Amino acid sequence: MSTQLVAPSILAADFSKLGRDIEMINSSNADYIHCDIMDGVFVPNISFGIPVVEKVAEVAKKPLDVHLMITNPDHFIVPFRKAGASILTVHYETCPHLHRTVSSIKNEGMKASVCLNPHTPVHLLDDIISDLDMVLIMSVNPGFGGQTFIKNTYQKIRELKELIMVKNPKCLIEVDGGVNFETGRNLYEAGADVLVSGSFIFKTDDPIATINKFKTL
Ligand code: DX5
Ligand code: ZN
């Protein structure tokens with residue numbers, strides 16, 4: 001049985017009322033607060049950066065799960081640790097020296113996570129999986145909230161689960177993009193541990209109830 005953790009993505013929050021939306025997550029059963037950092041280079045969009053994460057961390061009562069969709073993530077490991085990140089995710093596609101990057105994240109006292117774009121195969125993690133605390137599988141092309149879930153993700157989760165069971169059973173599987181109750185249920189069933197959800201949570205009338213329901217799908 002999977003862990004069933006949920007990480008609301010504040011990319012879908014109302015940025016003019018960010019404090020209010022963080023308090024909402026604080027009072028829910030959410031496990032992490034997912035922060036999407038986009039640089040307009042690796043992905044075709046810009047979101048928010050270090051000063052915003054710093055302010056989120058001041059109010060947050062849940063660990064910050066920071067997803068770096070940026071080129072040269074190595075330059076920003078220390079700044080994001082100082083800003084308050086607990087989990088730091090880098091993209092496989094942005095890290096030519098991934099082992100070094102993962103070691104630096106862990107040396108800074110954060111959990112290290114690697115993200116795969118939809119076209120990046122799971123087997124590329126064979127020689128790094130034993131060093132990871134989490135793998136993030138993108139179920140949409142990164143850059144925007146509110147996109148349609150890519151169904152091939154289920155197969156990737158099953159494949160990753162097999163690899164994890166052999167090499168590093170403590171490693172968590174997180175999935176990001178197009179997650180709702182239906183895809184979420186299937187993802188937990190396929191072996192996912194952590195579901196990121198942005199627009200689905202923030203568009204419902206009662207986001208706290210929606211977050212809590214993810215825990216019992
Ligand atoms: C997409 C981001 C996601 C995004 C998910 O690039 O990494 O975290 O917030 O949004 P939804 O849940 O709306 O697909
Ligand atoms: Zn994300």
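We count ligands from 1, going down the list as the structure has it; atoms in each ligand are counted the same way. Quick caveat, the model's predicted, so the values are computed rather than measured.
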>> If the cut-off is 4.0 Å to any non-hydrogen atom of G177, which atoms of ligand 1 fall inside it?
In response: 14 (O)
>> Can you tell whether the side chains of E23 and R20 come within less than 4.0 Å, N to carboxylate O?
In response: no
>> Is it the case that the ring center of Y154 lies less than 6.0 angstrom away from the ring center of F149?
In response: yes
> Can you tell me if S197 has a non-hydrogen atom under 4.0 Å from ligand 1?
Replying inline: yes
> How far is atom 6 (O) of ligand 1 from its nearest protein heavy atom, and which residue and atom is that?
Replying inline: G143 N, 2.7 Å
> atom 1 (C) of ligand 1: which protein heavy atom is closest, and how many Å away?
Replying inline: F144 O, 3.5 Å
> For atom 3 (C) of ligand 1, what's the nearest protein heavy atom and its distance?
Replying inline: D176 OD1, 2.9 Å
>> I'd like to check whether V179 has a polar contact with ligand 1, where a contact means an N/O of the residue lying under 3.5 Å from an N/O of the ligand.
In response: no
>> Before we go on, tell me: are the rings of F48 and F15 under 6.0 Å apart, centre to centre?
In response: yes
> For the side-chain contact (heavy atoms from CB on, under 4.5 Å) test, which of I70, L68, N45 pairs with D39?
Replying inline: I70
>> Under 3.5 Å, is there a donor on one side chain and an acceptor on the other for D36 and S9?
In response: yes
> Hey, is CD on E54 packed in by over 12 heavy atoms from elsewhere, all under 6.0 Å?
Replying inline: yes
> Do other residues, nucleotides or ligands put more than 12 heavy atoms under 6.0 Å from the NZ atom of K106?
Replying inline: yes
>> Show me which atoms of ligand 1 lie under 4.0 Å from any heavy atom of M69.
In response: 6 (O), 7 (O)
> H34 heavy atoms, cut-off 4.0 Å: which ligand 1 atoms fall inside?
Replying inline: 8 (O)
> Can you tell me the angle formed at the Zn ion (ligand 2) by NE2 of H34 and ND1 of H67, to 10°?
Replying inline: 100°
>> Any side-chain to backbone donor/acceptor pair from K215 onto V6? Under 3.5 Å, distance only.
In response: no
> So is F149 in contact with ligand 1, going by heavy-atom distances below 4.0 Å?
Replying inline: no
>> Tell me whether the rings of H91 and H67 are parallel (<30°), tilted (30 to 60°) or perpendicular (>60°).
In response: parallel
> Under 3.5 Å between some N or O of ligand 1 and some N or O of S9?
Replying inline: yes
> G146 heavy atoms, cut-off 4.0 Å: which ligand 1 atoms fall inside?
Replying inline: 11 (P), 13 (O), 14 (O)
>> Just to be sure I read this right, does ligand 1 sit under 4.0 Å from the backbone of F200, its side chain, both, or neither, counting only heavy atoms?
In response: neither
> So is H67 polar-close to ligand 1, meaning N/O to N/O under 3.5 Å?
Replying inline: yes
> Got the closest protein heavy atom to atom 10 (O) of ligand 1, with its distance?
Replying inline: G145 CA, 3.5 Å
> Quick one: nearest non-hydrogen protein atom to atom 13 (O) of ligand 1, plus distance?
Replying inline: S199 OG, 2.4 Å
>> I need the nearest protein heavy-atom contact for atom 14 (O) of ligand 1: residue, atom name and distance, please.
In response: G178 N, 2.8 Å
>> Is it the case that over 12 heavy atoms from other parts of the model lie below 6.0 angstrom from the CG atom of D206?
In response: yes
>> Nearest 0.5 angstrom please: K156 NZ to M138 CE, how far?
In response: 10.0 Å
>> I'd like to know whether F200 forms a ring pair (Phe, Tyr, Trp, His ring centres under 6.0 Å) with F181, so could you lay out the CA-CA distance, the side-chain angles of the two residues, the decisive distance to 0.1 Å, and finally the verdict.
In response: CA-CA 9 Å; F200 182 72; F181 289 149; 4.9 Å; yes
> Which atom, counting only N, O or S, brings D176 closest to the Zn ion (ligand 2)?
Replying inline: OD2
> Taking just the N, O or S atoms of D36, which one is nearest to the Zn ion (ligand 2)?
Replying inline: OD1
>> Checking contacts here: is it the side chain or the backbone of P142 that comes within 4.0 Å of ligand 1, counting heavy atoms only? Could be both or neither.
In response: both
> Of all the atoms in ligand 1, which lie at a distance below 4.0 Å from a heavy atom belonging to V196?
Replying inline: 8 (O)
> Does the side chain of K167 come within less than 4.5 Å of D126's, by heavy atoms?
Replying inline: yes
>> Could you identify the single nearest non-hydrogen protein atom to atom 12 (O) of ligand 1 and state the distance to 0.1 Å?
In response: G198 N, 2.8 Å
> Taking only heavy atoms of M38, which atoms of ligand 1 are found under 4.0 Å from at least one of them?
Replying inline: 6 (O)
> Is a side-chain donor or acceptor of N26 paired with a backbone partner of V59 at a separation under 3.5 angstrom?
Replying inline: yes
